[in-house]
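All values below were derived from every heavy atom in this structure, side-chain atoms included, with hydrogens, water molecules and symmetry-related copies excluded. Just so you know, these numbers come straight off a predicted model, no measurement behind them.
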Number of protein chains: 2
Amino acid sequence: MYEINETHDPNLKSWVESANDPSTDFPIQNLPFCVYEFGDTEPVLGIGFIIGDKILDIYGCINDELMQNEAIAQFASFRFWTLNAIAGFAPGVLSDLRRQAVYLLSEKNKDRVAIAEHLYSISDVRFEAAFKTGDYTDFYCSIYHATNVGSMFRPDNPLMPNYKYIPIGYHGRASSIVVSGTDIKRPHGQNRSDAEKPPVFIPCKNLDYEMELGFFVGKGNEMGQPILMSEAENHIFGVCLVNDFLAKNFATTISPYVVTMEALAPFRTKAFERDTDDPQPLGYLNDEGNKNFGGLDINLEVYIQSEKMRNENIEPHLLSRSNTKDLYWTIGQMLTHHASGGCNLQTGDLMATGTVSGKEKHERGCLLELTWRGTEPLELPSGEQRRFLEDGDEIIMKGFCEREGFRRIGLGECRGRILPAD
Amino acid sequence: MYEINETHDPNLKSWVESANDPSTDFPIQNLPFCVYEFGDTEPVLGIGFIIGDKILDIYGCINDELMQNEAIAQFASFRFWTLNAIAGFAPGVLSDLRRQAVYLLSEKNKDRVAIAEHLYSISDVRFEAAFKTGDYTDFYCSIYHATNVGSMFRPDNPLMPNYKYIPIGYHGRASSIVVSGTDIKRPHGQNRSDAEKPPVFIPCKNLDYEMELGFFVGKGNEMGQPILMSEAENHIFGVCLVNDFLAKNFATTISPYVVTMEALAPFRTKAFERDTDDPQPLGYLNDEGNKNFGGLDINLEVYIQSEKMRNENIEPHLLSRSNTKDLYWTIGQMLTHHASGGCNLQTGDLMATGTVSGKEKHERGCLLELTWRGTEPLELPSGEQRRFLEDGDEIIMKGFCEREGFRRIGLGECRGRILPAD
């Protein structure tokens, strides 16, 4: 686990002016990784660090010897990258690369001309998914979400008896992971609203979003070789925002920026405090030594903008604000549990926490909870009502970390707009 | 869907003598694809057709212009292949390649010296998984299996009400797909045998196999573009044997030979005959025009050989024999349903039918059913009993097709031996 170090110094400023704007998600203390495509006629893919409204191209910096890293340099001879190529290196290698970028971009560095040649404007590129993901696993680790959903479908027994023992996860669909901004076509599915009649195959009526935190596997493990709790975070490359549209396999949207575990070091917080009558995690999930820092203090916000709102220039409307510190299991526990049966994790695998909801009503991370299965519709500033998503709605997710004495950092945005079914 | 053609002629013989042995799985009428590794010091990967106890190397044949295929030739300039590189071509391209191989290997062809240079002995190679699989989906399409398992866990309501409307599938884990012959280490997991006490983390007690048929996606579909029922089989490349070891993510074993849909043409049979009071499939799953050929007549056998049996030279013991014609849904319906919500399938995706069980007791495709959750142990010829798998047990699955007037073809074997937990 990363400690707070000089890269987190709040007084550090960059000569890239936009990075010093107090409202930016991407100050020099953050530097998330991304994969982007640049140019129209013969577009090239690159990996870079986000800084303010710019991208520092890593390939260019290594090729021009502005950055030195032996492990990574061997991959720099070709440009067609995803983060998979480098994310399997030990955390120290990637940390070293990030420190070099902090140095190159800091105000103190006066040698800027050569570096500026490798800066692109975010507005000039198209982002791609940062990883080619082999397997995607969606957990269900918000106890508030699980209790709310359980109350609707199993009122007598909202929380399954294994919930406090096992970080429950489901295999997801990797092929339909798309990057923020990709339009989402409303899917068809079988629907049976009248129990007396057969189901019908119609466009989905109760289309929902799910506000989740995602994390990518860096270094993998061999099949049959579990990952110790004390090693778990050495296998986590970084985090992103995830919108796991329901029903599960037609689309999962991710934000393009991967915020590293090192950048998140100041925003670690204690793991969920269990009630005194709650069971302690079994030995293989015991993270007692790390209990004050196992959690993550990341604010998650969900906004909606309907087509009518867009047409009337009404700003996106805040639906909820929740926080990953309310998750019952830490991301380290999710990862260790996943590998505990010997399952081999691979660089680029995506895990997501499941819908992140808090205790309060305004902290509910999906419409199913916010409208209580559609029974309590929401009012939008346009005068419209919402039970579930309508065609033309855009969902905008944001994530950010704030702590006194530290620079605010953000996860950027994760957007998806609903198109009508065919 | 392929029609029976001259490649299925039972009188066709090969100059590769072993292919004419009546007991072989791999006569000239079959020619499954495979991916193999050859050589020790600088091993190379290749794709080939299996013929008798030999492999015909496709790369070599194309490079020496013994086979001509423009679409495939462009991939022949490099040797490091999986089937993904070619399986996305239209079925006609692959069928053309298979016909050329039939011609080259047939008894009628006297020009054999150049071809013989591209034949390897199966015993000299190591097989690899034929595809790099992006996503793996496991269906649950045997109504006998579903009813048996349902009876154990929900005696009042064995078959869920949606069973006869939806080909139920679960996302699986792609990273842990391994090829036949890979040892399987017994996984750890949480176990709670005493409801009064907390669960414990121990080696899995009720380890089981599941006898399934797998099929690989050839041509994929774009996200948001469903696959019509009439087009479904154009997206299926071929089939293999699958052992989906329980509990779901630590290992799934596949046989290395991919038997093409063309080779299976003589063994198509009518789809499952629904009872008169059973619902008809909804429109998007309606395959009425194909009802006499939607099914597959493939015999599936499971054998066990314990460590004691191996030590005492006792042959593997037959546990069950079932047949894919007893599946409630066809593989075409599984595929069409999978894509019906707009999910994008990709070349190399693996789908499996779920445990294939028949109506009779000897047709049950897993130990859970055969021993009725361990309550009716099996006797092995060594005098041992089995409720679930023990360390040292090897499970051997076989698949084959027989029909009067046609040459028997087989799917080969799918083997996995259980190693003790760490």
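Tested against Pro281(A), the residues Arg274(A), Glu288(A), Lys164(A) include a single side chain to side chain contact (heavy atoms under 4.5 Å, CB included) partner, Arg274(A).
Using a 4.5 Å cut-off between heavy atoms, Pro198(B) touches chain A through backbone and side chain atoms alike. Looking at Ile184(A), there are no atoms closer than 4.5 Å to chain B (heavy atoms on both sides), in backbone or side chain. Both the backbone and the side chain of Gln346(B) come within less than 4.5 Å of a heavy atom of chain A. Heavy atoms of Leu282(B) lying under 4.5 Å from chain A belong exclusively to its side chain. For Pro199(A), the parts lying under 4.5 angstrom from a heavy atom of chain B are both the backbone and the side chain. In this structure, the portion of Asp422(B) lying under 4.5 Å from any heavy atom of chain A is its side chain and not its backbone. Of the two parts of Tyr284(B), only the side chain, counted from C-beta on, holds a non-hydrogen atom closer than 4.5 Å to a non-hydrogen atom of chain A.
Comparing Ala339(B), Ser340(B), Gly283(B), Gly134(B) by how many heavy-atom pairs each has under 4.5 Å with chain A, the most go to Ser340(B).
Note: Phe237(B) and Phe131(B) meet the aromatic proximity criterion, with ring centroids under 6.0 Å apart.
Arg186(A) forms no cation-pi arrangement with Phe250(A), by the criterion of a distance under 6.0 Å to the ring centre and an angle within 45° of the ring axis.
For the residue pair His338(B) / Thr137(B), a side-chain donor-acceptor distance below 3.5 Å is found, with atom types taken as modelled.
No more than 12 heavy atoms of other residues, nucleotides or ligands sit less than 6.0 Å from atom NZ of Lys132(A).
Counting heavy atoms from C-beta outward, Val200(A) and Arg192(A) have side chains that stay 4.5 Å or more apart.
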